[in-house]
Amino acid sequence: MSDPIIELKDTKLHYKIGNAVSAMMGLSTTVKAVDGVSFSLRKGESVGLLGESGCGKTSMGRILVRLEEITGGSARFEGDEIGDLKGSDLQRFRSRSQMIFQNPFDAVNPRYSIRKTLEEPLANAKISRSTWHQRIIDALDLVGLGDPEQFLERYPHQLSGGQLQRVVMARALILEPDFVVADEPVSMLDVSVRAGVLNVFRDVRDRLGLTAIYISHDLALVRYVCERTIVMYLGKIMEDGPTEDIVHDPLHPYSQALVAAVPTPHVDQSHDPLPIGGGAPDPRNPPSGCVFRDRCPRAQLRCADEVPQPRRIGTRLVACHFASV
Amino acid sequence: MDAPLLSVKDVSIAYKVGALDIVAVSNARFDVPQGSIVGLVGESGCGKTTMARALTRVIADNARIKAGQMQFAGQDIVSLSEKDMNSLRWRDIAFIPQSAMNSLDPVYRVEYQIVEVLRDRGGLSKSAARKRAVELFEMVGIDPGRLRDFPHQFSGGMRQRAAIALALALEPKLVVADEPVTALDVIIQRQILDQLRSLQRELGLSVIMVTHDISVVAYICDRTVVMYAGKVVEDCDTATLLNEPLHPYTMGLKNAFPDLHSAGTGILTPIAGSPPDLANPPPGCRFAARCPFATDQCRVEEPMLTEDAPGHFVACHRAVEAAALREEAKQPGTWGTAA
Amino acid sequence: QDPIRTIHLLSRPQAAQPAEFQAIQLIAQEWRKLGLDVEVDVMPWSQMANAVWYNRDDWDVTAWQMTGRPERSDPDEIIYNLFHSSTADKGYNFIGYNNPEYDKLVEEQRVTVDPEKRQKLVIEAQKMLDADQPNMMLVHPQQAFAFDKTVFDPATVVDQSGIGIRSYWTWLSLAPTGEQKDVIVNSSDNVIAVNPLYISGVTDNWLTELIYDRLYRVGPDGLPTPWAAEGHEWRDEKTIAVTLRDGLKFHDGNPVTAEDVVFSYQATTGGEAPMYAPFGQNITNIEIEGDNVIVFTLATPSASFLTSSLAKINIIPKHVWEPILADLSSKEENAESHQEEMPIGSGAYKFVRWLPNEEIVLEANADHFNAPKADRFILRIVPNAEAALGMLRSGELNFLTDFQGDPQVLITAADEDGDLQVVSTVDIGFRYVAFNLRRPPFDDPAFRRALSSAVDRRLIVNAAFKKFAVPSNSVVSPALEYWHAADVVDGFKAGPDVAKSILEEAGYGGVGERLAYPEGVSETLGK
Amino acid sequence: MNSLKPLLIRTLQLALVLWAVVTILFLMFRLMPGSPLAAYIDPTFTEEQQEALIRQFGLDKPLWQQYFTYLVNLLKGELGYSFRYRAPVAERIWLLLPNTLILTFSSLIVAYVFGILAGAWLAWRRGSRVEVAALPVVLATRAMPEFWLGMVLLAIFSFSLGWFPAGGTRSAGTEYSSLWALYTSADFLSHLALPMLTLAIYSQGLPLLLMRSNMLDVMKEDFVTMAKVKGLSSYAVVVRHGARNALLPVVTSFAIAVGYQLQGNVVVESVFSWPGLGRELVAAVLASDYPLAQGAFLMIAIVVIAMNLIADLLYTFLDPRISHA
Amino acid sequence: MPETVADTHESGVARIFAAIRLPVGDPFALAGLVIYAVFIVTAICAPYIAPYDPSEILYTADYDLASDLPPGAKGHLLGTTSLGRDIFSQIVWGARSALLVGFTAAFMVAFIGSIVGLLAGYFGGWVDAVLMRLADVAFGIPFLPFVIVISAFSEPSIWNTVIAMGLVLWRDTGRVIRSQVLSLRSRGYVEAARVVGSSDLKIILRHITPNILPLSFLYGSIAIGWAILTEASISFLGFGDPDAISWGFMLQDAFASQALARQAYYWFIPPGLAIILVVSAGFFISRGYENLLFPKLGR
Ligand SMILES: Nc1ncnc2c1ncn2[C@@H]1O[C@H](COP(=O)(O)OP(=O)(O)OP(=O)(O)O)[C@@H](O)[C@H]1O
Ligand SMILES: Nc1ncnc2c1ncn2[C@@H]1O[C@H](COP(=O)(O)OP(=O)(O)OP(=O)(O)O)[C@@H](O)[C@H]1O
Ligand SMILES: [Mg+2]
Ligand SMILES: [Mg+2]
């Protein structure tokens, strides 16, 4: 087995709410967006990060491309602590680790033409100017924008959402990175064009041998692009394993609910009541012990006292005291 | 079968933007039977919200219902006087908006907003209205103790439930729900859908459910109306629609949707191209440009919405060949080449 | 020949002193015609005072003024203080005039008690100043005041020589003709204090004059007349005995005794009232003879003693002030910072109420030996000149005592209104331009005379003072007829040509182009 | 408890701000050229008298000691000793502050009542001729120098028409048993009318424009549309839901406006001979009475700072989104 | 929401206009721009337009001033002042002072405010804390009294107003720009630029600054009005610069010469109108921005 390209150990990202003065007075509160997460990715692996809104998926992605500094644990990229990278190392990291943003309309500067948007990473990586044009054409071609020349001088508002999302993808891929975080890249797109973007994503990942993290709250989409899935809840990992296994036989009660809740385009689907009720608790004030316990149908006294550690069950890691095959 | 509760006939609605007329809904025609849930699906911008809002006749300043009728319990909503329409609103037709956060007034407690409608529109006394508010909250599964919260203190799911409670306050005959679960997580989405469904059964309501998600339609709707670029292209019971669609757009939509429980991860197929400009729609079938089966006829002659089988309406020149086209549509290659 | 450096001419802002500002603009314009490079520096009073008083070496020329106060009815204060060499360092002779002959002359008039002899000396002094031109005298302004003649009997208004109708005497004799029995007057300055031991401001003085009696007062004719005193007697050149009037009472009912008078004089010189102190400085001893004669012994003979001391110092109640002064003697503060809640005097009006920055109300003292005809004297603070005039016309004021604007406007307004009467009087005070005699070229009398005669005073009178002034060439106002040297003014020749010929005669070069020093004199102050 | 924390922090911050303002003020007045007492030392004074005066005002001590004394005195509520009045500064300020506050508040209340109503009305009549004509007029009222407006009003309503007195707070020599009797008397109100009107005309533009644009925004909000869909009366829609929401920022702007108005009063008080703090400040500066000028300045600054705090608080308490967060 | 950007290749001026997104289409803004244009031209060409030196005292032959002349008399278009100066020439030259004061003050306010806002918003942390506390202090300083004190301590000059504005009024701009920068900083394309390795400087200059320019310009155009009004008030209170002919000085001169009592309306109406026009122009322009900054207002 090759060395992991990404390795997280007990990674934490806590946001302080309140200003400097309130911090001085000890009045601020913390949101534990990512709270003690460990996993690693091998080269070429693509992982779906699944979970409810606010569970820390985006925060996790941002750590991996160094948009946030972690507050605890470690987060390594090819063995180097991401937060400690400096100078040319950082520069190198910047060209090897990329992010595809959720909202394509927001992710490109409205005043920049498509050409200028795509030139920015090339300029930063000090790539010789003579090759720029070709690389831009290649990148656009790669993301399936046929006849790239016609897009170069256009401005973002002159493109459709699907086209723009491909431009965003092209920008992430133009430096041929090794690792990509895609944060809900299709959630802002229309149903009929989603499939196209997803296909491009799959295709490019396979062709470039990318290591990828795909963030979504939609299990059906995750299943479409990732062979492995990590289920998060309130900043913690609940279950981590092959996507097909989780879809067909979720072990964690939360995963089970998640799978059961996804509607399918069939009239004869199950209408059974969900195993869990309620909504996610306030992240500033999570329950003690297992964060899921207050909604868990299987919760017992032990769950309130003891934080369940991830256990290996078959192909999977599950953080539940009672999970079993 | 009873007469439908609502019968929309040849409704056209246009927005005026500068000198242009954007016909967001043209010649829409569908029925909502008594006590059923009707889904309204289609791509973004195809006119779903416009259609739904027209049923309350509270439409944008620049919008106008240009033609058609909307027969509701014997009255035509289009030609009703403003006064009569106003008395119809909420007592007979209630509305659940997509974003409940923005539809609740942030400066009033939720209770006030429910009581307001009960008193102003339902004629209840203050104390009776309060009692009813408690009932409503219990009905939608929120702790009545939270009635005195402000909207922002609610989570997304609670807000959506509060909006449902508000919609049910006056026991309307018809509830129009505009994408009530789109912004929510799957688990909450499922809870809300279940709730809506059971309330609908209990109260004998009719519901129009606007959505772009055919899984949601599959889960909850009795009948489904598919819209494309302002037109109704297909309208039938949901099972038929999903299993034996007649319109190529419906077939394409199905292909583009991931299915969690299908065996294996079959390739998803996008519908290439984009919808036409509504200010200047092309002649013929509006889907023709993206349709892999379009013929020359399709490009010049507009297909009419016809009842192909009992209760199954479709607007396609090639509807008779539908069975064959369905097979062809399952091949991914079919769609990649279009447009 | 060395060109003369740029001369800086100081003036106060137009908003504060419109006439002065205009005059300075005109003067600068005329001087430039001689080839002098002139720059006008406008600054508020505080800055100007700082520049001129405290940095006596550092300025060239400044606009200045002496205001008319009753005690200036005696010429001594002006001809002595302004020009005697002893006051050049710290005192009023800020221009640095030093003429031993002049010193002798004014010292002599000081101690000459015989009026006729003294008159000659005073006129001699004015001639000497004319010859030297230490100052460029501009005008004696004509102060204009107005009142509502439907409210007050115009015959009862007293036009005090050199002071005008806003005089103490008017407030006593002014007779209301109808319902309105209050005299409502205005001031643009805030009242700072009502304090008999503090010379806090011109306006404040109107009030202390009314609330407190003095032994003498400067009469409508400009000469001292007995007031709280019945009369005086010079026992020798340095001893004077004053008899106190009978039956005087303070506002709190206590009688005014010789003891109170002595206390008042001692209080002013006792160190707690530094601003009044100079007026009692000359007194070496005070004694009471019998129960109503007060005998003052002076250090030197003083011709102006009646005016500058007896008519200046307020009589204050000993029973009120003795404990206050005793308390203050151990503190940093002095009597000037003590504001009584309810000032007590023996004057023709009693203090009633003070609303800061708005109004002060006094009420007639019916028990006074010269009780006023009006009921109350109300002073309103109105900083805006336009508003003051508007208020006079609307009846919010009925006596305009402070008018900073153009008198012609006042007259026009009175004509239109019909109810108003305007009276204007030539002031004892005067406006002038002071040269810094310490600095060349102003140390040269010829140069000063040239600059002074460069400007025809009619221009200043007409243009800056809108004809409400008389041309001046003497520090003694024509209002003080007895002391005024008319020849000095009449004989003064002015005009650009006069100035040019004086300059050429004195050897100045480049007249009309870039004015330069005479041969052999070089610029020592230019850069 | 929760809503008290930010209040505490805010107050603490403002205390710091106040200290900074006080320090700036001290330095400003002490570091200016020339002796501060220059204008008050009569040339006839002996050295000894002059020194006594300097000592009396504490100007003989080193700067840091003066500063320290100044701070200590401030804490005791003492603002020093006026050069000119030879009296405690605080005493004079307390006498004048009520006049200034009455003028400020009455004019702002009139301005806000008018501005809010007119603003809502203009929003409602959007696009009409009245609106098109009214806006430039409103903008122009804010472009007038206040003293100019005051003078023009004075000329018209006092000098020409004689409807209102030209200055002061009451007719000469009138006496009132209490402040309340004064403030409710016709005499006082007629004196108040013109200065108040001047300030009100100048100030109404802000609430008017703010109300108008907020109202336009709010009327586009979903909840207003929903109110219409609910079939509520137009009154309920426009006033209960529209105006009520639009009002929030307008009300908070009131507190800020008090601060601004107080500064602007300087000019209007001079025009209308109003015995207030602003005029005193100008007079004190003109007369080089630094302790008094400093005190008046500080008092105005305190009101301004307090109003900033109140604006924050109002905002917090009036907007449930913040107060109950 | 995607913003509209001009696609065509623009000339230099058009580019500047586009950068600050000058709302030329808005009728209000257009009116404001026209007023500014007239005013700037007047200021620049003052020596050619004005028939007299504005501070020259004009007299008649017999030592009388050519003062108090009503409009039209003896070739004086708007008459003369009580000191015999030509009012029309003063109005024309006054435009120059107003332009100098207004534009420098606006520049100071916009420039300082933008820099502060950029630094505080972009870097956050202690930079932000320090700058925003400074802004709090500036908010605590009453502006007009501050100008009065500054003017009293220094030589009377029209620049006092400018200096005071530079010292105090950057606060409003600074705060607004800071919050704008805060929101821009979390915009997807700024984060994207960070991820693709753009330096802070580059991000500030290329992605953030262009977006705050309109705001700076907006606050600048309001500051022009503030400066002119403040200068006028300062003159009125007697702290003005008597050597610089400004409209505020003219008003002060008019009231000091009792324009009202004399009914000499021609002394204070023209400078008053000039001030109102130019200050309104700033407001008109900023109103144009309102439509642009908050497009949902529509029109
Ligand atoms: N900059 C921030 N400051 C404070 N709290 C933050 C910040 N960013 C995120 N959070 C909080 O951290 C938690 C996790 O946020 P995150 O955006 O990572 O969730 P997510 O899983 O991506 O949710 P979504 O599906 O809604 O995008 C949330 O409670 C969020 O409110
Ligand atoms: N106020 C308006 N003025 C002009 N055009 C409008 C307006 N509102 C909607 N439209 C246009 O009308 C068409 C239909 O809009 P509508 O909101 O009904 O679509 P929708 O099916 O609800 O889409 P979505 O799924 O995005 O909500 C779109 O092309 C839209 O751009
Ligand atoms: Mg996220
Ligand atoms: Mg919609």
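Note on naming: letters A, B, ... go to the chains in the order of the sequence lines (proteins, then strands), and numbering restarts at 1 for each one. Fair warning: this is a prediction, and the values are worked out from it, not measured in the lab.
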Asks: So, are B:Arg146 and B:Asp143 salt-bridged, with charged N and O less than 4.0 Å apart?
Replies: no
Asks: Please look at A:Ser160 and chain B and tell me whether the side chain, the backbone, both or neither of the residue comes under 4.5 angstrom of a heavy atom of that chain.
Replies: neither
Asks: For a side chain to side chain donor-acceptor pair (under 3.5 Å) check, start with the C-alpha distance between B:Glu179 and B:His212, then their side-chain angles and the critical distance, and finish with the verdict.
Replies: CA-CA 8 Å; B:Glu179 314 226 18; B:His212 61 259; 3.2 Å; yes
Asks: Heavy-atom distances under 4.5 Å only: say whether A:Glu52 touches chain B with side chain, backbone, both or neither.
Replies: both
Asks: Heavy-atom distances under 4.5 Å only: say whether B:Phe257 touches chain A with side chain, backbone, both or neither.
Replies: side chain
Asks: By a 4.5 Å heavy-atom criterion (distance strictly below it), what part of B:Thr238 contacts chain A: side chain, backbone, both, or neither?
Replies: both
Asks: Which region of A:Val222, side chain (C-beta onward) or backbone (N, CA, C, O), has a non-hydrogen atom less than 4.5 Å from a non-hydrogen atom of chain B, or is it both or neither?
Replies: neither
Asks: State, without any angle test, whether B:Thr182 and B:Gln98 hold a side-chain donor-acceptor pair at a distance under 3.5 Å.
Replies: no
Asks: Please determine whether the number of non-hydrogen atoms from other residues, nucleotides or ligands lying under 6.0 Å from atom CE of A:Met188 exceeds 12.
Replies: no
Asks: Is the B:Tyr219 to A:His271 ring centre distance short of 6.0 Å?
Replies: yes
Asks: Do B:Arg290 and B:Tyr228 have side-chain atoms, one donor and one acceptor, less than 3.5 Å apart?
Replies: yes
Asks: Can you tell me if A:Tyr224 and B:Asp259 form a side-chain donor-acceptor pair at under 3.5 Å?
Replies: no
Asks: For chain B, which of A:Pro265, A:Pro263, A:Ala220 has the most heavy-atom pairs under 4.5 Å?
Replies: A:Pro265
Asks: Would you mind telling me which of B:Ile214, B:Ile187, B:Ile271 has the largest number of heavy-atom pairs within less than 4.5 Å of chain A?
Replies: B:Ile187
Asks: Kindly give the heavy-atom pair with the smallest separation between B:Pro292 and B:Thr334, and that separation in Å.
Replies: CB-O, 3.5 Å
Asks: With a 4.5 angstrom heavy-atom cut-off, which part of B:Ser155 approaches chain A: side chain, backbone, both or neither?
Replies: neither
Asks: Which atoms of A:Leu219 come close to chain B, meaning under 4.5 Å heavy atom to heavy atom: side chain ones, backbone ones, both, or neither?
Replies: both
Asks: Scan side-chain atoms only and decide if A:Ser216 and A:Asp218 contain a donor-acceptor pair under the 3.5 Å cut-off.
Replies: no
Asks: Which residues in residues 239-255 of chain B have a heavy atom less than 4.5 Å from any heavy atom of chain A?
Replies: B:Ala239, B:Leu242, B:Asn243
Asks: Examine A:Arg295 relative to A:Tyr254 and say whether NZ or CZ is less than 6.0 Å from the centre of the six-membered ring and inside a 45° cone about the ring axis.
Replies: no
